[in-house]
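Worksheet for the structure shown next.
In this text the structure is predicted, and so the values were computed from the model without any measurement. First the proteins, then the strands, lettered A, B, ... as listed; each starts at 1.
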There are 2 protein chains.
Amino acid sequence: MSSPQNQFLEYLAKNKMAATEQRRIVLEVFLGTQGHHSCEELYAHVSKRDSSISPATVYRTIKLIAESGIAESLDFGDGITRFECRHDREHHDHLVCIRCNRRIEVMEDRIEELQEKLACKHEFEVHRHKMILYGICPDCRKQ
Amino acid sequence: MSSPQNQFLEYLAKNKMAATEQRRIVLEVFLGTQGHHSCEELYAHVSKRDSSISPATVYRTIKLIAESGIAESLDFGDGITRFECRHDREHHDHLVCIRCNRRIEVMEDRIEELQEKLACKHEFEVHRHKMILYGICPDCRKQ
DNA sequence: TTATCAAATGAGAACCGATGTCAAGACATG
DNA sequence: CATGTCTTGACATCGGTTCTCATTTGATAA
């Protein structure tokens, strides 16, 4: 599999979109982060690298990065869309602590299988899914 | 189990909140609906019964109804919060068609069990969860 | 009942993440 | 290079939801 940079360039070329300096910078900054980040956070990081890049461009570009398959958008239900890197990573779901907001990534193949079966039973063709378990994390339970 | 009306009144009393005419009407209207409804839709129905009730009151009241355990808030990721009746109903998850927006309710005990186990493994105390499968429904697949 | 006061309401402003608009500037192709 | 389209930055706008605050209402005590 090619590097995320090349994957993005290929996506842009395929859709006849320009490989601008701003898009390169936003992608680099995004790849340099870990975990789940909002556009606002991403914009803060991008600004450090090039303060002339506008928030709108960050919003526009991260969407492209998601469409190209490099990022995945996440919705934890607090009204903020976050993005995480998908490149060379397994699919996973999330546990979210409703006290401290900590988010843990989890994976359970048997759940994925059952989801597929469930959809099949209803003749649904699943494109993606979202599973979030909200609760209290170990640290907060001790308090 | 008491009626939802009484359950709501008990909830209000316990929290030293007034049982106003507006709250009674919003609850009645909500109980008279089926499926998943946004505050805007609910407000439209409420208005027919009493046009002097404001949107803000509907927003405020449906939140109380959810906190009292009678309603559950749903987030399908389109920026609109919807509510469905929880009173005397089993928990269920949703299949959402990304073409026609049709939403199907589904239930799979084994997934619920696995979710519980998964949380347990991470010492998480789960309060609620959200599982939505996005895809194409049977009708849209035929087209 | 009536008086009292905290709580709830209606109206409309404010909020905020996100998107739209548009003139100016940058990129790819010939 | 020159051309024409795409992209950008700046800023306005959007839409669901929440906030503010003066007015009204409900719950409690007298």
Side-chain angles (χ1 to χ4, degrees), chain A residues 5 8-30 36-68 71 73-83 101, chain B residues 5 8-30 36-68 71 73-83 101:
Chain A
Q5 284 88 349
F8 189 46
L9 291 177
E10 282 161 25
Y11 172 80
L12 292 177
K14 185 162 47 181
N15 292 83
K16 303 207 195 311
M17 296 193 286
T20 65
E21 189 60 18
Q22 288 91 334
R23 286 178 179 163
R24 266 189 277 263
I25 291 175
V26 173
L27 177 63
E28 284 304 325
V29 169
F30 173 70
H36 329 106
H37 296 279
S38 65
C39 285
E40 204 180 351
E41 290 168 334
L42 218 49
Y43 169 66
H45 286 116
V46 166
S47 282
K48 281 188 237 160
R49 183 87 76 92
D50 181 343
S51 65
S52 73
I53 295 178
S54 72
T57 295
V58 175
Y59 274 96
R60 289 188 280 236
T61 306
I62 190 66
K63 262 184 131 175
L64 295 179
I65 295 174
E67 283 161 20
S68 76
S73 76
L74 304 172
D75 171 14
F76 293 129
D78 61 355
I80 298 173
T81 304
R82 273 167 262 258
F83 295 86
N101 258 340
Chain B
Q5 285 86 348
F8 189 46
L9 292 177
E10 283 161 25
Y11 172 80
L12 292 176
K14 185 162 45 178
N15 292 82
K16 303 207 194 314
M17 296 192 285
T20 66
E21 188 61 18
Q22 288 91 334
R23 286 178 178 164
R24 266 189 276 263
I25 291 174
V26 172
L27 177 63
E28 284 304 325
V29 169
F30 172 70
H36 328 107
H37 296 279
S38 64
C39 286
E40 202 180 353
E41 290 168 336
L42 218 49
Y43 169 66
H45 286 117
V46 166
S47 283
K48 279 187 236 159
R49 183 88 74 91
D50 181 342
S51 64
S52 72
I53 294 179
S54 73
T57 295
V58 175
Y59 275 96
R60 288 188 281 236
T61 305
I62 189 66
K63 262 183 130 177
L64 295 180
I65 295 173
E67 283 161 20
S68 77
S73 76
L74 305 171
D75 171 14
F76 292 129
D78 61 355
I80 299 171
T81 304
R82 273 166 262 258
F83 295 85
N101 258 339

Tell me the closest heavy-atom pair linking B:T81 and B:S73, and the distance in Å. CG2-CB, 4.0 Å
Looking only at side-chain atoms of B:A18, point me to the closest of C:dC27, D:dG16, C:dA8. C:dA8
In whole angstrom, what separates A:R23's CZ from D:dG9's P? 11 Å
C:dG17 P sits how many Å from A:R82 CZ, rounded? 11 Å
Name the nucleic acid region contacted by A:S38, choosing base, sugar-phosphate or nothing; use a 4.0 angstrom heavy-atom cut-off, strictly under. nothing
Should the heavy atoms of other residues, nucleotides or ligands under 6.0 Å from CD of B:E40 be counted, would the total exceed 12? no
Starting the side chain at C-beta, find the nucleotide from D:dG9, D:dG16, C:dC27 nearest to B:E40. D:dG16
Indicate whether OP1 or OP2 belonging to C:dT19 is found under 4.0 Å from a side-chain N or O atom of A:K63. yes
Check B:V58 against B:I53 and note the closest heavy-atom contact, atom names and distance. CG2-CG2, 4.2 Å
Would you tell me if any nitrogen or oxygen in the side chain of B:T57 comes within less than 4.0 Å of OP1 or OP2 on C:dG10? yes
Which residue lies toward the 5' end of DNA chain D, B:A19 or B:C39, if each is placed at its nearest nucleotide? B:C39
Rounded to whole Å, how long is the line connecting atom CG of B:D78 with atom P of D:dT17? 9 Å
Looking at every non-hydrogen atom in both residues, tell me the closest pair between A:T61 and A:F8 and how far apart they are. CG2-CZ, 4.3 Å
Would you tell me if any nitrogen or oxygen in the side chain of A:T81 comes within less than 4.0 Å of OP1 or OP2 on C:dG17? no
Which atom of A:S54 lies closest to which atom of A:Y43, heavy atoms considered: C-CE1, 3.8 Å
Whole-Å gap separating P (D:dT25) and NZ (B:K16): 24 Å
Measure the distance from NZ on B:K14 to P on C:dA7 and round it to the nearest whole Å. 19 Å
Could you check how far CD1 of B:I80 sits from P of D:dT17, rounded to whole Å? 7 Å
Taking only the side-chain heavy atoms of A:Y59 (C-beta and beyond), determine which of C:dG10, C:dG17, D:dT18 contains the nearest atom. C:dG17
Using whole Å, what does the distance between atom P of nucleotide D:dG15 and atom OH of B:Y43 come to? 17 Å
Select base, sugar-phosphate, or nothing to describe what B:A56 touches, counting heavy atoms under 4.0 Å on all strands. base
For the side chain of A:Q22, starting at C-beta, report the closest nucleotide among D:dA27, C:dA8, D:dT8. D:dT8
Taking any heavy-atom pair under 4.0 Å as a contact, classify B:R60: base, sugar-phosphate, or nothing. base
Distance check needed: C:dA6 C1' versus B:M17 CE, whole Å only. 14 Å
